[in-house]
Amino acid sequence: MRINPGFLNLQDRYLFALIGQKVREYKGQHPDQDIISLGIGDVTLPLSPAVVAAMQQAAAEMGRAETFRGYGEEQGYAFLRQAICRYYAQKGVDLLQTEVFVSDGAKSDLGNILDLFAADNTVLIPEPAYPVYVDTNLMAGRKIIFLKGEAQNGFRPLPPAALHADLAYLCSPNNPTGTVYTKDELQSWVDWALRRGAVLLADSAYEAFIQDPELPTSIYQIPGAKECAIEFCSLSKTAGFTGVRCGYTVVPQALVREGVSLNGLWLRRQTTKFNGVSYIVQRGAEAALSPEGMAQNRESIAYYMENARLIASALQELGLWFTGGQNAPYIWLQCPGGMSSWEFFDFLLERCALVGTPGVGFGPSGEGYFRFTAFGRREQLLKAMERLRQLRLSSL
Ligand code: MLT
């Protein structure tokens, strides 16, 4: 027996597990400290009334013989896939129900999709990046090329024409930097992928936070994308489903490589390895995408975006450079006084019991940067900003 050597190339812990461990240790040593976390991007507002009512009704249905359901279709119930198609139609994107696959969230699918691709494919990852892209490819033993995001390219790197890769990740709005690719920029990614025969893995988990109507909320708003892109989306942040678990992946019928339909392969993979998302959760997801649910989602998103505005204005006041926060729930700031990401993490934790995410955890280009999430409760967030002001960071 040999274990998968890819696992030996991983860092000891997943980024957010490592941060959790550090915070628990600090709490153990300072039990009286009131720690505020603006670290992991986890929602704090409760589920919307529309979602709760739908899930209660679905639970009651499961308790009656006439309406009880056993296994559902692995790729999701038709009612939810149709609701997702209607959601895309509002963005001007026509999808077939067979192109939509319901899952327990974008994170799982972003890892699982790699089953479709040969281990010797090369993967391009613009970084700083959501650590799942790197870790899952390391597990699979795949060769990774990094594309550097930096202040000079607005943390929105574009693919060099001469660069070859078989797979490439995109995340817009970006986690961790909060930046969003414009239509023209996404078009250059699509054109590059079409020229190279590459497949784009487009993570759109934060699309619902885009406020600027000129910015694209789906890769399929870009001509040619259905021939080269798979899109991953989630209700985690859109509808507060981080604890409920429901997302969806779109694999267009037009996406064919080596004469094989990737849609067909993904269906084959899912029907073999996945038994679908619970009926109750899928009814909740359907409600989240209904007109009433969408209006309620918008209220929660507006709350989080107001949090982002409050963080941004505190950072402006303190004279710290940052990006994001206008069309995304993340703010990406430069650490003050030339501190490294982990130095600033320790500094904030020790000096004011505030937790954020060190930028270097998202890749080497994140060194010297730091991420705050806007998903906190307002009163906590205001307290956190007050603590930052007290630190007089600009004089460091
Ligand atoms: C994050 O903080 O980056 C996210 O919450 C992680 C996730 O969505 O899995």
Side-chain angles (χ1 to χ4, degrees), residues 10-11 13-23 35-45 103-114 125-137 139 149 155 169-180 201-209 231-249 277 285 288 297 300-301 304-305 307-308 311 323-325 327-333 341 345 348 354-363 365-366 369-377 380-381 384:
L10 295 171
Q11 289 188 345
R13 287 215 200 140
Y14 181 62
L15 175 63
F16 293 104
L18 175 63
I19 292 171
Q21 170 70 22
K22 280 181 176 273
V23 173
I35 298 175
I36 300 179
S37 176
L38 301 181
I40 188 161
D42 196 2
V43 291
T44 51
L45 292 176
S103 74
D104 69 341
K107 183 181 185 177
S108 317
D109 277 3
L110 281 160
N112 293 335
I113 199 76
L114 297 177
I125 304 184
E127 59 91 26
Y130 181 39
V132 170
Y133 312 153
V134 176
D135 286 0
T136 53
N137 277 287
M139 287 174 187
F155 286 100
Y169 286 83
L170 286 179
C171 182
S172 181
N174 188 264
N175 178 13
T177 65
T179 54
V180 186
L201 303 174
D203 178 353
S204 295
Y206 299 94
E207 55 83 24
F209 291 80
E231 184 158 81
F232 303 83
C233 217
S234 164
L235 291 172
S236 283
K237 314 295 156 72
T238 306
F241 270 44
T242 55
V244 176
R245 311 302 317 147
C246 193
Y248 46 90
T249 291
V277 176
N297 297 340
S300 302
I301 289 171
Y304 294 133
M305 292 312 288
N307 282 352
I311 300 175
T323 186
N327 293 289
Y330 293 121
I331 303 239
W332 179 252
L333 61 130
S341 300
F345 176 89
L348 286 184
L354 179 57
V355 178
T357 308
V360 73
F362 300 100
S365 303
Y369 290 89
F370 204 73
R371 192 194 78 175
F372 281 137
T373 152
F375 287 117
R377 299 287 309 183
Q380 292 286 91
L381 185 117

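By convention here, the first residue in the shown sequence is residue 1. We count ligands from 1, going down the list as the structure has it; atoms in each ligand are counted the same way. Since this is a predicted model, take the numbers as computed values, not measurements. No hydrogens, no waters, no symmetry mates; every other heavy atom, side chains included, goes into these values.
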Participant: Step through the shown structure and confirm whether more than 12 heavy atoms of other residues, nucleotides or ligands are within 6.0 Å of CD on Gln21.
Facilitator: yes
Participant: May I ask you to identify the nearest protein heavy atom to atom 5 (O) of ligand 1, giving residue, atom name and distance to one decimal place in Å?
Facilitator: Gly41 O, 2.9 Å
Participant: Answer with side chain, backbone, both or neither: which part of Tyr330 has a heavy atom less than 4.0 angstrom from an atom of ligand 1?
Facilitator: side chain
Participant: What part of Asn175, side chain, backbone, both or neither, has a heavy atom within less than 4.0 angstrom of ligand 1?
Facilitator: side chain
Participant: We want to know whether Asp42 and Thr242 form a side-chain donor-acceptor pair, criterion being a heavy-atom distance below 3.5 angstrom.
Facilitator: yes
Participant: Test ring-ring contact (aromatic ring centres under 6.0 Å, His included) on Phe209 and Phe375 and set out the steps.
Facilitator: CA-CA 12 Å; Phe209 291 80; Phe375 287 117; 5.7 Å; yes
Participant: Answer whether the closest heavy-atom distance between the side chains of Ile19 and Pro358 falls below 4.5 Å.
Facilitator: yes
Participant: Is the closest side-chain donor-acceptor distance between Tyr206 and Tyr330 under 3.5 Å?
Facilitator: yes
Participant: Counting each atom of ligand 1 from 1 as listed, which ones have a heavy atom of Phe16 under 4.0 Å away?
Facilitator: 1 (C), 2 (O), 3 (O)
Participant: Does Tyr130, backbone or side chain, put an N or O under 3.5 Å from an N or O of ligand 1?
Facilitator: yes
Participant: Can you report which non-hydrogen protein atom sits closest to atom 8 (O) of ligand 1, along with the distance?
Facilitator: Lys237 NZ, 2.9 Å
Participant: At a 4.0 Å threshold, what atoms of ligand 1 neighbour a non-hydrogen atom of Ile40?
Facilitator: 2 (O), 5 (O)
Participant: Do Pro176 and Tyr369 touch side chain to side chain, with heavy atoms closer than 4.5 Å?
Facilitator: no
